[in-house]
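Structure record follows, encoded as structure tokens.
We use all heavy atoms of the structure for the numbers below, so side chains are in, but hydrogens, waters and symmetry mates are not. For ligands, and for the atoms within them, numbers begin at 1 and follow the listed sequence.
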Amino acid sequence: MAITYELIKTCKQTGARLGRVHTPHGSFETPMFMPVGTLATVKTMSPEELEQMGAQIILSNTYHLWLRPGEDIVEEAGGLHKFMNWNGSILTDSGGFQVFSLSDLRQIEEEGVHFRNHISGEKLFLSPEKAMRIQNSLGADIMMAFDECPPYPAEYDYMKKSVERTSRWAERCLEGHNRPNDQGLFGIVQGGEYEELRRQSAKDLTSMNFPGYAIGGLSVGEPKDVMNRVLDFTTPLLPDHKPRYLMGVGSPDSLIDGSLRGIDMFDCVLPTRIARNGTLMTSEGRLVVRNAKFARDFRPIDENCNCHTCRNYSRAYIRHLVKANETFGFRLTTYHNLHFLLKLMGRVREAIREDRLGDFREEFFEQYGFNKP
Ligand SMILES: CO[C@@H]1O[C@H](CNc2nc3cc4c(=O)[nH]c(N)nc4cc3[nH]2)[C@H]2OC(C)(C)O[C@@H]12
Ligand SMILES: [Zn+2]
């Protein structure tokens, strides 16, 4: 079956929209956050726990799984869902971003990218066709086109050449993947902070009729107001009746501000990454549980949270585990952070239903401390 999007309603107070994405492994309401499971696991979480907290779609990564264990092994296992025992939806990023952010000795040519394996140092080559072959073997519900995610900032001339090449690569991805009527391949709009180049990229890609579109090239170090400005003029260029996915965004303020601008899907390693160094997202802002002030604090991480961690364990206990580098401590912090973001997206969807996402933004920002100078 193809990936389809159902628009349920738009928020009268903002540009946000409530929708539902249908995939071969189930459907999910949007705006939605997607936990990242780069190496076919959302680090320290079991599939049962992900399901319990309300995760419905997770990410994995072409570049990483190509290197380890190899897409051939995943294919022999029956694909990613079987391999990792996850029955929800899966999206795989194409490797474009990882090659640019993880590897040195990169050489970008029309054909593809030459680079070094960031683990072994051996020379590798990734092309649009190769990225499609790997993703076909992995068998995710949604695959991403192979693109270049230029650094921020980037010169206009470089960005123009990069956008034009990424559009040519997108054509080759459409030809290279073997799914009927492009059922699961999303195009990725690039163009940096340049409106004219974002327009060009969106025009090229929407003419190729992908079932969904991502906005790439953001969350790469640009200030939040630059991201929001780019979203303001890019999101309206994407079709209303298809999913819109903002790549690499996972902080509470950016999730709300992206939803306000009509984004449906988000992913980021942030909640799971900071959980592994003991930083928690709470309704009152960030909490660094290693801090000595929590040594005898027997309250839950977040008194407004009903997650498994907050119902059963105290700050003092989690601080002890994290300081002792106990794995269970990182399981508890990861569970809470993912639950926090998934619940936040549920509140965003509810606010859209009630046409009050603008008000919700003000309340949340005030309580979380985003408005503090
Ligand atoms: C800049 O270092 C880390 O990057 C993370 C997410 N930022 C992000 N932008 C992305 C853009 C693209 C894209 O244009 N194309 C493709 N194919 N995939 C993408 C994936 C992306 N991921 C941030 O997450 C943290 C905060 C952990 O460090 C940042
Ligand atoms: Zn909690």
Side-chain angles (χ1 to χ4, degrees), residues 34 36 38 43 49 52-54 59-64 91-102 113 126 128 131 135 142-152 154 159 162-163 166 169-170 173 185-192 198 201 205 213-222 224 227 230 234 245-255 258 265-277 279-284 287 289 299-315 318 331-344:
M34 305 182 283
V36 174
T38 301
K43 289 182 172 46
E49 287 166 325
Q52 189 185 68
M53 66 171 71
L59 253 73
S60 249
N61 192 277
T62 301
Y63 167 75
H64 290 279
L91 181 150
T92 42
D93 195 358
S94 56
F97 180 77
Q98 287 67 35
V99 164
F100 298 106
S101 64
L102 276 178
V113 188
L126 205 45
Q135 290 184 83
I142 300 175
M143 305 167 23
M144 301 307 294
F146 186 70
D147 61 331
E148 180 190 0
C149 172
Y152 175 83
M159 190 60 80
S162 173
V163 161
T166 284
W169 283 359
C173 286
L185 180 62
F186 281 20
I188 304 177
V189 173
Q190 293 290 350
R198 287 282 176 184
S201 182
L205 294 174
Y213 292 92
I215 298 178
L218 291 175
S219 189
V220 287
E222 75 283 358
K224 298 227 168 168
M227 179 193 292
V230 171
T234 304
Y245 162 26
L246 176 55
M247 305 186 89
V249 165
S251 59
D253 53 337
S254 297
L255 290 170
M265 296 161 64
F266 303 86
D267 89 279
C268 190
V269 295
L270 189 70
T272 38
R273 187 174 291 182
I274 64 173
R276 293 197 300 282
N277 64 37
T279 301
L280 290 302
M281 297 170 167
T282 80
S283 47
E284 317 283 322
L287 183 154
V289 80
R299 292 174 294 171
I301 289 290
D302 184 347
E303 299 191 275
N304 300 315
C305 179
N306 67 349
C307 85
H308 176 78
T309 298
C310 293
R311 277 185 288 108
N312 297 292
Y313 302 95
S314 70
R315 293 169 179 186
I318 295 170
R331 279 177 35 74
L332 292 173
T333 57
T334 300
Y335 192 105
H336 168 79
N337 277 357
L338 287 175
H339 177 277
F340 181 84
L341 288 188
L342 290 165
K343 278 292 162 290
L344 171 62

Checklist entry - Which atom, counting only N, O or S, brings H336 closest to the Zn ion (ligand 2)? => result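 Nearest N/O/S atom of H336: ND1.
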Next on the checklist: Once rounded to the nearest 0.5 Å, what's the spacing between atom CZ of F340 and atom CG of D302?
Outcome noted: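 Spacing of CZ (F340) from CG (D302) equals 6.5 Å.
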Checklist entry - If you round to the nearest 0.5 Å, how far is CD1 of I215 from CE of M227? => result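 Answer rounded to 0.5 Å: 10.0 Å.
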Checklist entry - Is Q190 in contact with ligand 1, taking contact as a heavy-atom separation below 4.0 Å? => result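 Contact check Q190 vs ligand 1: positive.
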Next on the checklist: With a cutoff of 4.0 Å, is V249 in contact with ligand 1, counting heavy atoms of the residue only?
Outcome noted: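 Flag not set, V249 not near ligand 1.
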Whether the [X] and [Y] side chains hold a donor-acceptor pair (N or O, under 3.5 Å, no angle test) is what I'd like checked.
| X | Y | value |
| --- | --- | --- |
| T92 | Q135 | yes |
| S162 | E148 | yes |
| K224 | S254 | yes |

Which protein heavy atom lies closest to [atom], and at what distance to 0.1 Å?
| atom | answer |
| --- | --- |
| atom 3 (C) of ligand 1 | F97 CZ, 4.4 Å |
| atom 26 (C) of ligand 1 | L270 CD1, 3.9 Å |
| atom 22 (N) of ligand 1 | G248 CA, 3.5 Å |
| atom 9 (N) of ligand 1 | L218 O, 2.8 Å |

Are any of the side-chain heavy atoms of [X] and [Y] separated by less than 4.5 Å?
| X | Y | value |
| --- | --- | --- |
| M247 | M144 | yes |
| I142 | M265 | yes |
| L344 | M281 | no |
| L341 | P252 | yes |

Which of the atoms in ligand 1, numbered in the order shown and given with their element, are less than 4.0 Å from a heavy-atom of [X]?
| X | value |
| --- | --- |
| C149 | 11 (C), 13 (C), 14 (O) |
| G216 | 13 (C), 14 (O) |
| S94 | 17 (N) |
| I188 | 17 (N) |
| G217 | 11 (C), 13 (C), 14 (O) |

Checklist entry - Do you see an N/O/S atom of C307, backbone or side chain, under 2.8 Å from the Zn ion (ligand 2)? => result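 Checking C307: at least one N, O or S atom is under 2.8 Å.
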Next on the checklist: Set out, in order, the CA-CA distance, both residues' side-chain angles and the distance that settles side chain to side chain contact (heavy atoms under 4.5 Å, CB included) for Y335 and C307, then state yes or no.
Outcome noted: CA-CA 8 Å; Y335 192 105; C307 85; 4.0 Å; yes
Next on the checklist: As a check for students: among V269, I274, T92, D93, identify the option with a heavy atom nearest to atom 18 (N) of ligand 1.
Outcome noted: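 Comparing heavy atoms across V269, I274, T92, D93, the nearest one to atom 18 (N) of ligand 1 lies in D93.
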Checklist entry - Yes or no on side chain to side chain contact (heavy atoms under 4.5 Å, CB included) for H339 and N306, after CA distance, side-chain angles and deciding distance? => result CA-CA 9 Å; H339 177 277; N306 67 349; 3.4 Å; yes
Relative to ligand 1, is [X] under 4.0 angstrom through side chain, backbone, both or neither, heavy atoms considered?
| X | result |
| --- | --- |
| S219 | both |
| D147 | side chain |
| R273 | side chain |

Next on the checklist: Working to 10°, measure the angle at the Zn ion (ligand 2) formed by atom SG of C305 and atom SG of C310.
Outcome noted: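 Output for this angle: 110°, rounded to tens.
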Item to check | Donor-acceptor contact below 3.5 Å, side chain S94 vs main chain A145 | outcome: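 Present.
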Checklist entry - Does C268 reach ligand 1 with a nitrogen or oxygen that is under 3.5 Å from one of the ligand's nitrogen or oxygen atoms? => result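 Checking ligand 1 against C268, no N or O pair falls under 3.5 Å apart.
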Checklist entry - Going by distance only, is there an N or O of V220 that falls short of 3.5 Å from an N or O of ligand 1? => result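 In this structure, V220 places no N or O atom under 3.5 Å from an N or O of ligand 1.
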